Structures are given as structure tokens and as C-alpha cells.
Amino acid sequence: MLGRLSWAAIPFNEPFPIISGAIVLIVILAVLGIITVKGWWPYLWREWITSVDHKRIGIMYLTLGLVMLMRGYADAIMMRTQQAMAIGNAQGYLPPGHYDQIFSAHGTIMIFFVAMPLVIGLMNFVVPLQLGVRDVAFPVLNSVSFWLTASGALLVNTSLVIGNFARTGWMAYPPLSELPFSPDVGVDYYLWSLQISGIGTLLTGVNFVTTILKLRAPGMTYFRMPVFCWTALATNMLVVAAFPILTATFAMLLLDRYLGMHFFTNDRGGNQMMYVNLFWAWGHPEVYILILPAFGVFSEVVATFSGRGLFSYRSMVLATLGICVLSFMVWLHHFFTMGAGANVNAFFGIMSAIIAVPTGVKIFNWLFTLFRGRIVFRTPILFSVGFMVTFVIGGMTGVLLAVPPVDFVLHNSVFLVAHFHNVIIGGVLFGVLAGYNYWFPKAFGFTLDDRFGKASFWCWIIGFYLAFMPLYVLGMMGMTRRLEHIADPGWRPLLMIAEIGAVFIFLAILCQIAQLYVSIRTREVRRDRTGDPWNGRTLEWSTPSPPPAYNFAVMPRVETIDAFAEMKRRGMPPLEQAYEAIEMPRNSATGFITAFFAVITGFALIWHIWWIVILGLLAATATLMVFGWSETREHEIPAGEIARMERARLGLGWPG
């Protein structure tokens, strides 16, 4: 009846999962209780859960990413503390099996449920506003995408208290992830959560490629689009091209585990190295799926806080497209040691060095934009400058690892861990935090406290260097990654420095929480009544803060790059215009209901409860069919209502 599920699935003999699960359950029940007592359920259902507004969905993506960041950081501090304690004769506090689950969950969560939701959230909120349009091409599909991503995150967290998570690392290489070596449900949690969220991400890619190519304001040609829109286009083209590879790869591994096939076992014609090739054929484009939106954020922030247009806009666009193409030609540098041969290694080593060129072009363009600019040192620009210094170091170590003889020495060492975090934290996370501080007033109508923002930046930058620079040295000293116990006491000083760095990162997270709390408490004095608190250059700053559901009462006409800066330069007055009725998509529960059944079906697949699998698939299919036959997908906002709201906005002193 319940497949493999029994009371033995709950780890009563392990205190950490039980305590962690209890704390999470108490927090969830407390939040649900507050919502119920306050009577907020109708509002949440109407304005958030069933919303198809791209801005609301973007905020929900960002919220999911920030919540999962705290979960991923908890795993990281546990690993770092274990390594700092378990040296020589000391054994630390984590059992080996639990430690293996933690480092597998940490990588999986940080890539798929922190970095991806954060960059997709920024794209969701900003891209339609910058394009001068009212929503994405497929609003309901956008909602489905988000809720499928949230479903995958829920399944990963469920593994904390029901069953266990994979002990394979976040890449789940065979044969370790095959049934003989991982007979429990850990790998199944990994595969089904990523299959479900991966489908959501692929749908997002299709949605945004369509939106950017087909929906733009009148006059906005491709070479008048903001750079962030270009990086979003490149990112989502990579998603459409790369994520089917991952989906197919995981499907083959699932067939190995569930039906006894041999795609990735060396028995009966299988090949475990084919999994590695396929995984990294997705995995290296994934690095650029994450970093390209951050590049777009830095382009917007640097131009705005320098008070001038971005240096060499066309070269920035061409560099973005160059990275998009080259990212598919470098995957083998992740496993130079597999024995492919000198010629293959040489080709991929050369391509890995070449891809650094368009990235270098971007760095110089940002520096030249800052050169002789009137720089305003607010929190977003600090993260941007900190990124440039940090990312250059990460890029140089990446070029070093692209040299096959060097990689043979450093492969599988913590040098590689330091390089990867150098790129992801110093690039992606700093970019997201810059964008978070930059666009927050546009989303919520008030600015964030700059003192706590700057304190957070300094804690992040200090914490990052203390946490990961020692790992470069340890890697060259021979320390391999994924160690639960450290045999060489000589590594203790550097590991203690890394532990101190992790504490500084914790302080950075506390500063961000304090920043949000203080900003909400003082929001009236921080209220943005102009819609343009930073003297912005692109169209999102021409809307109120927060923007109305329809974004633009009258579609803007674009005649140049930095369209809003040009409008302000011409001194266009906020004249009353002839408004027309606007059709907007209705709220839809399709995404939430589909995700609910996706969670039920995924959980049942993990535990082999086949009757629930059948019911869940039928229910999800029925939900999508009901939406497909619906004829009431849009509603009309009357012209009089739009005129009333616009008069109120113009009366608040919009700069025009």
C-alpha cells in the first residue's frame, strides 16, 4: 500500500535531522498560525499564490532563493565546522554518512534552489519592465514554472526528515548513484526533485526567449535593448539548449535505477563516463546561465551609479553572445583526467582559455564606464566593484585550471572548490545582492537602509576572502575535497581561518536581515514617490514604485539606448494622455494545483507508491486540461480606472 515507506524512514536515532526538522516544522506552523489569526489567507491566495503578474512571481522566486540560501548556508557552516574540528585524533561531531548527505544537499540546493531562483526572479521582475511591455508571453506558464521549482525545493527539504538525501555529491556520478551502491531513497530524492524543478526552468527559458524576441516596446530594436535584457536572452537560450540534456541524462539514470537498465553502468554495454560527459555538457553552460544575468545587473548598476551610458554597448552585447556560444565548447575541462588523450585535452584547454576573452571585455567595459564617471557609492555599486576584483581572481584561477598539466595536479582538490565559489559567490551572489538593493525600491516603493547594506557588503567580502582564499593554498598542499576527517594537523591553521570566514558570512546574512527589518520599520521616510530613486536610465524607472499590474498605461516609444535617460534629457512633461482599456491575464490557480500534484507524485515515485503516482499524474493532467479549455483567461481594466490611477501618480511629482 505504501511501497517502501514505513516508520523506519524517519531517522529517530539521529538527533540533527530530528532537531532540524522540528525547528522547521515549528516555524512553519507559527507562520501559518499568524496568517490564520490575521485573516491573510484571502489576500495571499488572490495577490500571490494565484497571481500571474510577472512582478509578483519574480518576488516569490527571490523569496524562495533567499530562504533556501539560509538552508544551504546552514549546510556549509556544518561542513566547515566539521572540518575545523575533525583533525588528527579528533572525530568532529558529524557521522560520515550524515556529512556525505550534507555536502550533497549543499551543492544541490545552492545551484538549483538558490542561484537559479535568484537569477530567474530578477529576470522575471525586471525584463518585461525594461522591454516596455505588460507581462511575459505566457503568464500562466510563468506561474507553473515557479511552483514546479518550489515543488522541487520542498522535496529536497522533505528528505531531511523522511528518508535521506543522496550521499553522492551534487553531481551524482555513477556508479555511486546506481542502485547497487545507493539502494536507499537518497538518489531518488535528488533525481525527482531536479526533474520536477528542471521542467519548470525549461518552461521559463521558453517563456523568456519568446518574450524578448516577440514582445518589445514600439521602436525597441534589438540594439536598443538594455544589456540586462541581452544577458537574459542569452541565459534563456542556454536554458532551452542545455536543460533538455540534463533531463534526458537524469531520465536514463532513473531507468537504470527503476527498470534495471544499463545506460551508465559498464555492464552490458553501458558507460559511466557518458554520464559525466552529458552532465557537464549541461553543467558548464549552467555556470553561464547563472553568471550572465549577474553580468547584466552589473552593467545596469555601473551605468546608473556612474551617471553615464555604458562604455561600448555593442561590444558588451557581442561578448554576451560570444559567451553564449563558447559555453558549449568547454565542458571536458571538468574531467581532463578521464584519459581522453592529449589532442582532446588540448582543444578543450584552448577553448577554456578563449572563453575568458569576452569576459575580460566586459570587465574593461565596466571599468571604462566608471572612469571619469560621477560615481555614487551606494550598496549596489559596492557589490559591483567588489565583484570585479573578486571575479578577476576567480577567472585567473579558472584559466590556470584550463591548462591540462596543472589540472592533473589540482584536480579534485579544494583548489577547485575555491575557484568555483570564487565565481559563484563573487559573481552570481554579489550580482543578485547588487540587483536586490538596486531594484528593491521599484518592487516595494521604498529604499533599503544603506548603512546595513554596506555593512553586509563588507562582511560578505571579508568573509568570502577568509573562507575561500585558504582553500587555494590547501589545494596546492594536497587537500582533496569532500573530506569528513582531516588527517594532516598541519592544515589546521588554514582551516580555522576558513571557519572564521564562514562566521563573517553569517554576520553578512544577519546584516541583510537587519537591513530588511529596519527598512520596513522606517519605510515611510524611505518612500520612493518618483519611481526613479537612482536617476535610472532604463524604462523600468519610468513607472511608479511599485508598478501597477499593467506596468505602462501607454506603451512607451523607444528611439535610442537608455530610453528613459533620453526622455528625461528632453524634458518631456507628464501630459495627460488618451488612455485605452487594457486586457490583462486573470489570476490562475493552475500553477499551484499542478505543483501540489507534482509534489505528491514525486514523493510517491521516490517511495514506490504506484497508486498515488497514477492518481497524481491524472490529477495534474486534468488541471492542465481544465486550464486549456478555459475561455475566461483575461479581464479588462477600463480606461477610466487607468486614467484615475495615472492622475494620482502624476500628482505625486513624477519627473516625466
Side-chain angles (χ1 to χ4, degrees), residues 21-71 113 117-118 120-122 124-125 135 139-140 142-155 157-158 200 436 439-449 512-528 544-551 584-600 623 627 635 637 641 645 648:
I23 292 172
V24 171
L25 182 61
I26 290 169
V27 171
I28 291 173
L29 291 176
V31 171
L32 295 178
I34 292 171
I35 292 172
T36 303
V37 170
K38 296 284 188 180
W40 290 342
W41 284 114
Y43 169 79
L44 287 175
W45 179 260
R46 182 181 67 252
E47 297 295 332
W48 293 96
I49 295 173
T50 62
S51 176
V52 297
D53 185 339
H54 71 94
K55 300 179 289 296
R56 297 291 174 96
I57 292 172
I59 291 169
M60 288 192 290
Y61 264 116
L62 287 163
T63 303
L64 173 65
L66 292 172
V67 170
M68 293 301 288
L69 173 64
M70 289 186 277
R71 162 71 204 274
F113 300 114
L118 289 176
I120 292 174
L122 286 178
N124 252 292
F125 185 86
D135 213 317
V140 175
N142 201 20
S143 173
V144 172
S145 299
F146 166 73
W147 286 108
L148 287 178
T149 302
S151 300
L154 180 58
L155 281 176
N157 285 293
T158 301
Y436 166 76
W439 282 302
F440 187 94
K442 178 55 58 182
F444 295 102
F446 59 93
T447 57
L448 287 168
D449 184 274
Q512 286 177 267
I513 295 172
Q515 179 195 35
L516 185 60
Y517 174 77
V518 170
S519 301
I520 293 173
R521 288 290 301 271
T522 59
R523 62 186 178 276
E524 288 306 320
V525 298
R526 303 178 179 282
R527 188 70 65 186
D528 170 30
S545 297
Y550 50 80
N551 290 348
M584 294 298 296
R586 290 183 181 275
N587 284 4
S588 174
T590 303
F592 181 78
I593 296 172
T594 303
F596 173 80
F597 290 118
V599 171
I600 298 297
T623 302
F627 168 73
H635 68 99
I637 303 177
E641 177 68 11
M645 289 188 287

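Note that the structure is predicted; figures quoted are calculated from it, not measured.
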Distance flag, aromatic centroids of Phe596 and Phe592, threshold under 6.0 Å: no

Over 12 foreign heavy atoms within 6.0 Å of OH, Tyr43: yes

Pairs flagged by salt bridge (Lys or Arg N to Asp or Glu O under 4.0 Å) wherever residues 27-49 is involved - sequence neighbours left out: Glu47-Arg56

Contact summary for Ile59 and Ala443, nearest pair of heavy atoms: CD1-CB, 4.2 Å

Candidate pair Thr36 and Trp41, rule side-chain hydrogen bond (donor to acceptor under 3.5 Å, both in side chains), full reasoning: CA-CA 7 Å; Thr36 303; Trp41 284 114; 2.9 Å; yes

Nearest non-hydrogen partners of Tyr436 and Leu122, listed with the distance: N-CD2, 4.5 Å

Donor-acceptor pair, side chain of Arg523 and main chain of Ile520, under 3.5 angstrom: yes

Ring centre gap for Phe125 and Tyr61 strictly below 6.0 Å: no

Closest non-hydrogen atom pair between Pro139 and Ile57, with its separation: O-CD1, 4.3 Å

Main-chain N/O of Asp135 paired to Lys55 side chain as donor or acceptor, under 3.5 Å: no

Closest non-hydrogen atom pair, Val52 against Ser143: CG1-CB, 4.2 Å

Thr623 side chain to Thr590 backbone, donor-acceptor under 3.5 Å: no

Counterpart residues, side chain to side chain donor-acceptor pair (under 3.5 Å), relative to Arg586 (two or more places apart): none

Phe627 to Ser588 - nearest heavy-atom pair and separation: CD1-OG, 4.2 Å

Heavy-atom side-chain contact between Thr149 and Leu64 under 4.5 Å: yes

Considering all heavy atoms, the nearest Asp528-Ser545 contact: OD2-OG, 2.8 Å

Check: Leu448 and Arg526 side chains under 4.5 Å, non-hydrogen atoms: no

